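A quick write-up on the structure given underneath.
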Amino acid sequence: MRHLFNRGFYKPMGVSGETLREALLQLRPEIYGSIAEEKVELNGLLYVIERLPVGIEECRYINLTSDEGYSKSHFQAIVPPKRRRNCYRIDEEQMNVEITRGRSDIYDILTHLTFIFIESHKIKDRVLLDENQFEVTRDWQKVEHYVLQGKKLSQIDKEKAISHASNVLGRSFSEVLDIYDAFGSTEKPDRFLHIIYWLGKLAIEEVIDNNKRTITFSPILRERLGHHIHGEFWATRIKDVLKENNLLDRPIHIISANMHSVMNSIFATQVLKSKFKDKTDFFIYEELSKSGADVLRNKVEEVALKSGMISLLDTSGTNIDVQIFDTAKIDFSKTAFPKAKIAKQQPVLIVMDYAFGEQAYETIDELLKAYKENNNQTFLNVESVSIMGKAGILQGGKGDIMIPSAHINEGTGDNYPFENQLSPNMFYGNDIPVFAGPMVTVLGTSLQNKDLLKFFHESTWGVIGLEMEGAYYQKAIQSASKIRKSIPENVKVRYAYYASDNPLETGSTLASGGLGTTGVKPTYLITIKILEQIFNSK
């Protein structure tokens, strides 16, 4: 991957992409299911398509760029539904994808693209009868007919098209029918057919016309990668806001979580208790998590903004939004933490949205540096850093909780033991299984390979789960507290994860779908335990 990046371009289905293809087929990552079999992998395809821009299947040229000013142009940003990144369709043949989250982002995209190109060649192999005569199967001609109509298919036509598509994919009619609508949107209900057609069409053209798909890396991206440009801009803005609000000298607690669990844990039950009489707190959190609950969420946010919360939507390109809570402005008697014992110097909470892989190092490393202004520098009094995230579990199932004792960086064996302020016994008695032990930090979801994971789980490493950020967070915290001394040496750390999938269990991998409301209880349980420690409320 590094070699291809340094080279500047490569053809995924040509000689230059061969090693990457072979590696992926040898690894057989769990999210890519039947990648090494003849039939086309449908769940894996859905997982990947949701993380890539709409229309990428039509593009022969994919250009990975840095943030190079396209937002100031007439090009409309295309943002994939499950991965926040700006993409721009330059013309019929080219898609530009902005990389602002570092190497993990590049790794993520290249493995996903390699996967869909491998699948596209499976389609080509099933429909191309004669390369010289350009003869294709009747099923392919019928799929093409329905796609090129360009109008919404009736139920009868849809089922006819699925019948032909199932032969093209080597899948049963019911398998295709079951997943068909998941690919669609209100504007494009038949997008599944469209994706299959364009993947196959470009693969056929690669063979017939030798017109290979190409991935390029812009010179500016190659120059900027690893320079923390976005992370520095992001961190400086946060410190500027702390300075403007006279919060720089106060004790600071950094929490990496989503943008609702801390706010809701503090304010939601009090704000909504009259609406949900006799209901548990977790019931309220589930209601808030449902799609379409905007009115309820806005009510809670309104109270939070009046009680010392500052909301910073990202402008740096990191795609990490931030909330700052000034606890001096919170009336704890009107929150879920009425027993809070706040020290004389009331703490400030900085809640940051999830980082992506190696980006965790870039952002936290910059945030923990001293604030510089006119040759003066102010060291931050960071009392704790708490990480709440999603991870793959190697024993147990979706929704279970993992409390790590160390992070191991996959591939290098670099390891980061730490004293976790959270312990398993804090979570007992909530009907959620809890596991404790080391966790492995992987470069990307495509490293969820059964053999690799069994080795980490069953050998003396004794790993309980895998995620993508832990080792990077700990590396930044250790260097800032133990070597650079930019934050107190006795900074407390808290890590807890809930299981989004079990990659060792078929049917429980990331590609098998989201958590739904299963993730609500562990998310809030972890958040509440973190806040109880910060607020000394137990």
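What you see below is based on every heavy atom in this structure, not just the backbone, and it leaves out hydrogens, waters and symmetry mates. Quantities reported herein were computed from a predicted structural model and do not represent experimental measurements.
A 4.5 Å side-chain heavy-atom check between V493 and E419 finds every atom pair outside the cut-off. Contact annotation: the side chain of Y497 never approaches that of I526 to less than 4.5 Å [non-hydrogen atoms, C-beta and beyond]. Annotation: side chain of I62 is in contact with side chain of L113 (closest heavy-atom distance under 4.5 Å). Residues L288 and L272 meet the side-chain proximity criterion, which asks for heavy atoms closer than 4.5 Å. Between I254 and V382, some side-chain heavy-atom pair lies under the 4.5 Å cut-off. Residues E469 and T441 form no side-chain contact, since every pair of their non-hydrogen atoms from C-beta on lies 4.5 Å or further apart. Between I118 and T114, the closest side-chain pair of non-hydrogen atoms falls below 4.5 Å.
Every residue two or more places apart in sequence or in another chain that forms a side chain to side chain contact (heavy atoms under 4.5 Å, CB included) with K39 is listed here: S34, E37, R171. Judged as a salt bridge (Lys or Arg N to Asp or Glu O under 4.0 Å), and not counting sequence neighbours, the contacts of K82 are E50. Take H407 and apply the ring pair (Phe, Tyr, Trp, His ring centres under 6.0 Å) test, not counting sequence neighbours, and it matches F418, Y495. With sequence neighbours excluded, the residues forming a salt bridge (Lys or Arg N to Asp or Glu O under 4.0 Å) with K485 are E489, listed by chain and number. Taking H457 as the reference, nothing meets the ring pair (Phe, Tyr, Trp, His ring centres under 6.0 Å) condition, with sequence neighbours excluded. With sequence neighbours excluded, no residue forms a ring pair (Phe, Tyr, Trp, His ring centres under 6.0 Å) with Y371. Qualifying side-chain hydrogen bond (donor to acceptor under 3.5 Å, both in side chains) partners for S261, counting only residues two or more places apart in sequence or in other chains: N258, T527. Residues forming a salt bridge (Lys or Arg N to Asp or Glu O under 4.0 Å) with R484 (at least two apart in sequence, or on another chain): D365. Applying the ring pair (Phe, Tyr, Trp, His ring centres under 6.0 Å) rule to Y285 yields the partners F282, Y524; only residues at least two apart in sequence or on another chain are considered. With sequence neighbours left out, E232 forms a salt bridge (Lys or Arg N to Asp or Glu O under 4.0 Å) with no residue at all. D431 pairs by the side-chain hydrogen bond (donor to acceptor under 3.5 Å, both in side chains) definition with nothing, not counting sequence neighbours.
Proximity of a side-chain donor or acceptor of K239 to a complementary backbone N or O of K369 within less than 3.5 Å is detected. Remark: the backbone N or O of G102 is not paired with any side-chain donor or acceptor of D105 at under 3.5 angstrom. Using a distance-only test at 3.5 Å, with no hydrogens or angles considered, a donor-acceptor pair links the side chain of T100 to the main chain of G317. Remark: the backbone N or O of G396 is paired with a side-chain donor or acceptor of N502 at under 3.5 angstrom. Using a distance-only test at 3.5 Å, with no hydrogens or angles considered, a donor-acceptor pair links the side chain of S104 to the main chain of E358. Q474 places no side-chain N or O within donor-acceptor distance of the main-chain N or O of P417, the cut-off being under 3.5 Å. Between the side chain of D314 and the main chain of S316, a donor-acceptor pair closer than 3.5 Å is present. A donor-acceptor pair under 3.5 Å is absent between the side-chain atoms of N415 and the main chain of I408, judged by distance alone. Side chain of T318 to backbone of W234: no donor-acceptor contact under 3.5 angstrom is found. Counting only distance, with no hydrogens or angles, the side chain of N86 and the backbone of A77 share no donor-acceptor pair below 3.5 Å.
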- Stepwise, does the side-chain contact (heavy atoms from CB on, under 4.5 Å) test hold for K341 with F535? CA-CA 6 Å; K341 296 184 194 74; F535 297 152; over 6 Å; no
- Task: Run the numbers on F337 and F332 for ring-ring contact (aromatic ring centres under 6.0 Å, His included), then give the verdict.
- Result: CA-CA 6 Å; F337 301 91; F332 279 95; 7.4 Å; no
- Item | CA sep, side-chain torsions, deciding dist, call: R85, V97, side-chain contact (heavy atoms from CB on, under 4.5 Å) | CA-CA 7 Å; R85 48 168 76 106; V97 180; 3.8 Å; yes
- Task: I would like to know whether T111 and M1 meet side-chain contact (heavy atoms from CB on, under 4.5 Å); could you show each step before the answer?
- Result: CA-CA 9 Å; T111 49; M1 202 78 91; 3.9 Å; yes
- Task: Could you give me the CA-CA distance, side-chain angles and deciding distance for E119 and I35, then say whether side-chain contact (heavy atoms from CB on, under 4.5 Å) is met?
- Result: CA-CA 7 Å; E119 297 302 301; I35 184 172; 4.0 Å; yes
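Counting all heavy atoms, side chain and backbone alike, G231 lies closest to T363 at CA-CG2, 4.5 Å. Across M468 and L443, no two heavy atoms sit closer than the pair CE-O, 3.5 Å. For the residue pair I432 and D400, the shortest heavy atom distance occurs at CG2-CA, 3.9 Å. Considering every non-hydrogen atom in both L367 and L380, the closest pair reads O-CD1, 3.3 Å. Here the closest non-hydrogen pair linking S481 and P488 is CB-O, 3.5 Å. Contact between Y473 and S256 at its shortest, heavy atoms only, is OH-OG, 3.0 Å.
Taken from CG in L313 to CD1 in I320, the straight-line distance is 13.5 Å, to the nearest 0.5 Å. Interatomic distance, CD of E175 versus CG of N43, reported as 9.0 Å (0.5 Å rounding). Note that the CD atom of Q395 and the CD atom of E458 stand 10.5 Å from one another [nearest 0.5 Å]. The distance from the CD1 atom of I534 to the NZ atom of K492 is 10.5 Å, given to the nearest 0.5 Å. If you take CZ on F325 and NE2 on H253, they are separated by 13.5 Å, rounding to the nearest 0.5 Å. In this structure, OH in Y428 is found 11.0 Å from CD1 in I401, a value given to the nearest 0.5 Å.
In this structure, Y361 has its ring center no closer than 6.0 Å to that of Y472.
D108 has a carboxylate O that lies under 4.0 Å from a charged side-chain N of R83, or vice versa, which qualifies the two as a salt bridge. Looking at D326 and R250, a side-chain N of the basic residue comes within less than 4.0 Å of a carboxylate O on the acidic one, giving a salt bridge. The pair D294-R297 counts as a salt bridge, with a side-chain nitrogen and a carboxylate oxygen less than 4.0 angstrom apart. Using a 4.0 Å cut-off between charged side-chain N and carboxylate O, E57 and R191 make a salt bridge. Under 4.0 Å is where a charged nitrogen must lie from a carboxylate oxygen, and between K299 and E302 no such pair does.
For the residue pair Q270 and K273, a side-chain donor N or O sits within less than 3.5 Å of a side-chain acceptor on the partner. Side-chain polar atoms of H112 and Y107 form no donor-acceptor pair below 3.5 angstrom.
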Return all side-chain donor-acceptor pairs below 3.5 angstrom for residues 304-311, not counting sequence neighbours, or 'none' if the list is empty.
from: S307; atom 1: OG; to: V303; atom 2: O; distance (Å): 2.8

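By the 6.0 Å and 45° rule, R51 stacks over the aromatic ring of Y47.
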